[in-house]
Amino acid sequence: MKIATWNVNSIRTRSQHVVDWLGQNPVNVLCLQETKVPDADFPRLPFEQLGYHLYVSGQKSYNGVALLSLEPLADVSTGFEPILGASSVGELDQQKRVITGVANGIRIVNLYVPNGASVGSEKYEYKLYWLKVLREYLRSLLTKQPSDICISGDFNIALENRDLHNPDASKGQVMATDLERQALKEILELGFADVFRKFTAEDGHFSWWDYRAGAFRRNLGWRIDHHYLTSKLYQQAKSCTIDIAPRALPQPSDHTPVVVEF
DNA sequence: ATGGCAGTTCCTAACTGA
């Protein structure tokens, strides 16, 4: 079984890229982020023609997540509220960043973690708070069935210095601050592991490159798109690879797909 | 080099992203 994650930076702009990629890489489940489209306007047809079932949670202009699956998904829900209840979620579900469903007995959680803007900003505080609520959400999911969970998505956090092209320049900047890394570590301590690092220890492997300053050509990237697996799935994993080919196409997303197989 | 680029909308300016 293959699961991929890809922040497409607008599904309407990128639909042909995604269709072409799925044609060449028929993964079982594709987790999309930053679809930037209300559910009624999602371009469903080209993906349904490829045989995918679609589950979407979007909004106008910003954010938005979607699950594309060759087999129908069970127990699909969007946002934190169905798991945590309205009282502890508050306004967080206004931004569409969470969708989950079950495929082959595996719960897949597709996330678009807030960017955080700059350190000390309101958005940075929002990101840290959102991560605390995410931890409670995942803690609750772990108590349910199935407990085999694959968390996939754009985390907007580089967990370690080897996930950065220039750790010195990035030190203390958003996506690499100690507080963000600590919040993510506290999530992983619930029982999740970074499956990319099961196979690849070296630095220089990235999933996002800035559009500016020839960053992709110079491989000045960040590894911020991740698959985190519970222990049984982690042990079963056969590979986890970053496919940089779509990032090299004309008019690309600034992120590229990451694929895990188990 | 605090620039650079790309997406969106109350669309040619302002915002968000990372």
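Chain naming here is simple, since letters A, B, ... match the order of the sequence lines and numbering starts at 1 in each.
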Which one, B:dA18, B:dG7, B:dA6, comes nearest to the side chain of A:Ser10?
B:dG7

Taking B:dA18, B:dT16, B:dT8 as options, the one with an atom nearest any side-chain atom of A:Asn156 is B:dA18

Within the pair [X] and [N], is there a side-chain N or O less than 4.0 Å away from OP1 or OP2?
| X | N | result |
| --- | --- | --- |
| A:Arg212 | B:dA18 | no |
| A:Ser253 | B:dA6 | no |
| A:Lys123 | B:dG17 | yes |
| A:Arg12 | B:dT9 | yes |
| A:Tyr112 | B:dA18 | yes |
| A:His255 | B:dG17 | no |

[N] versus [M] - spacing of their [atom1] atoms, nearest Å:
| N | M | atom1 | answer |
| --- | --- | --- | --- |
| B:dC15 | B:dA1 | P | 29 Å |
| B:dC11 | B:dA6 | C1' | 15 Å |
| B:dT8 | B:dT12 | P | 16 Å |
| B:dT16 | B:dG4 | C1' | 16 Å |

Mind checking if A:Gln173 touches a base, just sugar-phosphate, or nothing, with heavy atoms under 4.0 Å?
nothing

Mind checking if A:Asp225 touches a base, just sugar-phosphate, or nothing, with heavy atoms under 4.0 Å?
nothing

Check the pair A:Phe196, A:His226 against side chain to side chain contact (heavy atoms under 4.5 Å, CB included), reporting the backbone distance first and the verdict last.
CA-CA 8 Å; A:Phe196 182 79; A:His226 305 294; over 6 Å; no

Is A:Glu202 paired with A:Arg162 through a side-chain N to carboxylate O contact shorter than 4.0 Å?
no

Hey, is A:Arg223 close enough to A:Asp163 for a salt bridge, meaning N to O under 4.0 Å?
yes

